[in-house]
Amino acid sequence: MDPVPQTRPQTAPALRRAPVQQRSAERLARILDACAVLLDETGYERLSTRAVAVRAGVPIGSVYRFFGNKRAMVAALALRNLDRYAERVSERLAATPLLDAHGAIDGVLDEFIAMKRTVPGFALVDFGVPAALPGEASDSSPGNTSDEISGAEGDTAIGDDEGDTAIGDDEGGSRGEVEDPNRLVAERICGLLATHLGRPADEELHRKVLVGVETADALVRLAFRADPAGDPALVDETRLLLHAYLGPSLS
């Protein structure tokens, strides 16, 4: 059985330049992979575009080709996480087409928990960007000079697109902020559940799923504060709450 259709095409991060060539897309993926690993190692406050470039094995100019600062980079990572989460849920629902409402809810929750436990950077940045640091308007790491941005270490300047598509001036590179990430998650999950269970994704279901997403987000965060692997008892309580609240609307 084919995966359940997603509610819309993959979420496109607001990049300075959208990669067109395969080489550029692979470089962007390496940058985001490195960003995720470093979030686990250093946290958001100590994350820097220079450190990401070093870990990814790319010139610093390559990072600035796509992102004006680390917030934009982390926002792109969060949106990639959302796409991958939706893909995982879609594939899980497709693999077990006879799931009832409770089974579908379990799939949505279990994939979120699994990503919290296994996906680099996801424990800190799942679908949204951490709160801005005091005075944070651009990359907070020292030494990010205009020379680096325009093409350090042999990389080409941002104006040389190597076939990539320019998106526009982001006035400092802050675009890409994920606004109200739980609404984005709820939109995707609502469509997936409605399609799988054969019911309309109407306004009431959107509201119910949004409340479920907000509640689950808070409780899962509590579970992972209590236990780095996610406190099993708190995860079970979250599951029971979602069954009781969402189950009747999905049946």
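Since the model is a prediction, treat every value here as computed from it, not as a measurement.
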Exercise. Under a single-linkage definition using a 4.5 Å side-chain heavy-atom cutoff for Ile, Leu, Val, Met, Phe, Trp and Tyr, are Leu210 and Leu197 assigned to the same hydrophobic cluster?
Worked result: no
Problem set entry | Nearest-0.5 Å distance, CD of residue Glu111 to OH of residue Tyr85 | 7.5 Å
For this session: Check for a donor-acceptor pair, side chain of Ser24 on one end and backbone N or O of Val20 on the other, with a separation under 3.5 Å.
Result: no
For this session: Would you indicate whether the side-chain heavy atoms of Arg239 and His243 approach each other to under 4.5 Å?
Result: yes
Seminar exercise, completed: When every non-hydrogen atom of Ala36 is compared with those of Pro120, the smallest separation belongs to CB-O, 3.3 Å
Problem set entry | Arg117 (side chain) donor-acceptor with Ala229 (main chain) under 3.5 angstrom | yes
Exercise. Phe112, Tyr245: one ILVMFWY side-chain cluster at the under-4.5 Å cut-off?
Worked result: yes
For this session: Using the side-chain contact (heavy atoms from CB on, under 4.5 Å) rule, take Ile113 and Leu109 through it: C-alpha gap first, then chi angles, then the decisive distance, then the call.
Result: CA-CA 6 Å; Ile113 297 294; Leu109 178 61; 4.2 Å; yes
Problem set entry | Value rounded to 0.5 Å, distance of CG in Asp126 from CG in Asp217 | 6.0 Å
Seminar exercise, completed: Between Leu77 and Cys35 the two heavy atoms that sit nearest each other are CD2-SG, 4.1 Å
For this session: Group every Ile, Leu, Val, Met, Phe, Trp and Tyr by side-chain heavy-atom contacts under 4.5 Å, then state whether Val54 and Leu32 land in the same group.
Result: no
For this session: Please report the closest heavy-atom contact between Ala226 and Leu234, naming both atoms and the distance.
Result: CB-CD1, 4.0 Å
Exercise. Rounded to the nearest 0.5 Å, what separation is found between the CG atom of Leu242 and the CG atom of Leu250?
Worked result: 10.0 Å
Problem set entry | Heavy-atom pair of closest approach, residues Ala194 and Leu205 | CB-CD2, 4.0 Å
Exercise. Atom CZ in Arg46, atom NZ in Lys70: separation rounded to 0.5 Å?
Worked result: 10.5 Å
For this session: Start with the C-alpha distance between Glu41 and Arg55, add both sets of side-chain angles, then the distance that settles salt bridge (charged side-chain N to carboxylate O under 4.0 Å, His left out), and finish with yes or no.
Result: CA-CA 12 Å; Glu41 294 180 2; Arg55 180 63 61 92; 2.9 Å; yes
Exercise. Any side-chain heavy atom of Ser251 sitting closer than 4.5 Å to one from Asp100?
Worked result: no
Exercise. Rounded to the nearest 0.5 Å, how far does CD of Glu87 lie from CG of Leu192?
Worked result: 10.5 Å
Exercise. Closest approach of Ala72 and Gly68, non-hydrogen atoms and distance?
Worked result: CB-N, 4.4 Å
Exercise. Would you call Arg207 and Asp202 a salt bridge, using N to O less than 4.0 angstrom?
Worked result: no
Exercise. For Arg88 and Ala114, which heavy atoms make the closest approach, and how far apart are they?
Worked result: NH2-CB, 3.5 Å
Problem set entry | Working for side-chain contact (heavy atoms from CB on, under 4.5 Å), residues Phe67 and Arg16 | CA-CA 6 Å; Phe67 310 110; Arg16 277 181 156 179; 6.0 Å; no
For this session: Using a 4.5 Å cut-off on heavy atoms from C-beta on, say whether the side chain of Leu184 contacts that of Leu79.
Result: yes
For this session: Indicate, with yes or no, if Leu124 and Leu38 share a hydrophobic cluster defined by side-chain heavy-atom contacts under 4.5 Å among Ile, Leu, Val, Met, Phe, Trp and Tyr.
Result: yes
Problem set entry | Side chain Asn182, main chain Val185, donor-acceptor under 3.5 Å | no
Exercise. At what distance, to the nearest 0.5 angstrom, does CG of Leu193 lie from CG of Leu99?
Worked result: 10.5 Å
For this session: Measure from the side-chain N and O atoms of His102 to the backbone N and O of Gly247, and report whether any donor-acceptor pair falls under 3.5 Å.
Result: no
Problem set entry | Electrostatic pair Arg92:Asp110 at N-O distance under 4.0 angstrom | yes
Exercise. Would Asp33 and Arg80 count as a side-chain contact (heavy atoms from CB on, under 4.5 Å) if you check the C-alpha gap in whole Å, the side-chain angles of each, and the deciding distance to 0.1 Å?
Worked result: CA-CA 10 Å; Asp33 289 344; Arg80 188 179 75 168; 2.8 Å; yes
Exercise. Do the two ring centres, one from Phe122 and one from Phe224, sit under 6.0 Å apart?
Worked result: no
For this session: Kindly say whether Gly121 contributes a backbone atom to a donor-acceptor pair with the side chain of Asp40 at under 3.5 angstrom?
Result: yes
Problem set entry | Any donor-acceptor N or O pair under 3.5 Å, side chains Tyr64, Thr49 | yes
Seminar exercise, completed: Between Val211 and the options Thr215, Val209, Val213, the side chain to side chain contact (heavy atoms under 4.5 Å, CB included) test singles out Thr215
Problem set entry | Path from Val89 to Val119 over hydrophobic side-chain contacts below 4.5 Å | yes
Exercise. Are Tyr44 and Arg71 linked by a side-chain donor-acceptor pair shorter than 3.5 Å?
Worked result: yes
Problem set entry | Check: Val58 and Arg30 side chains under 4.5 Å, non-hydrogen atoms | yes
For this session: For side-chain contact (heavy atoms from CB on, under 4.5 Å), just list the numbers for Asp231 and Val235, CA-CA rounded to whole Å, side-chain angles, deciding distance to a tenth of an Å, and then say yes or no.
Result: CA-CA 6 Å; Asp231 183 88; Val235 171; 5.9 Å; no
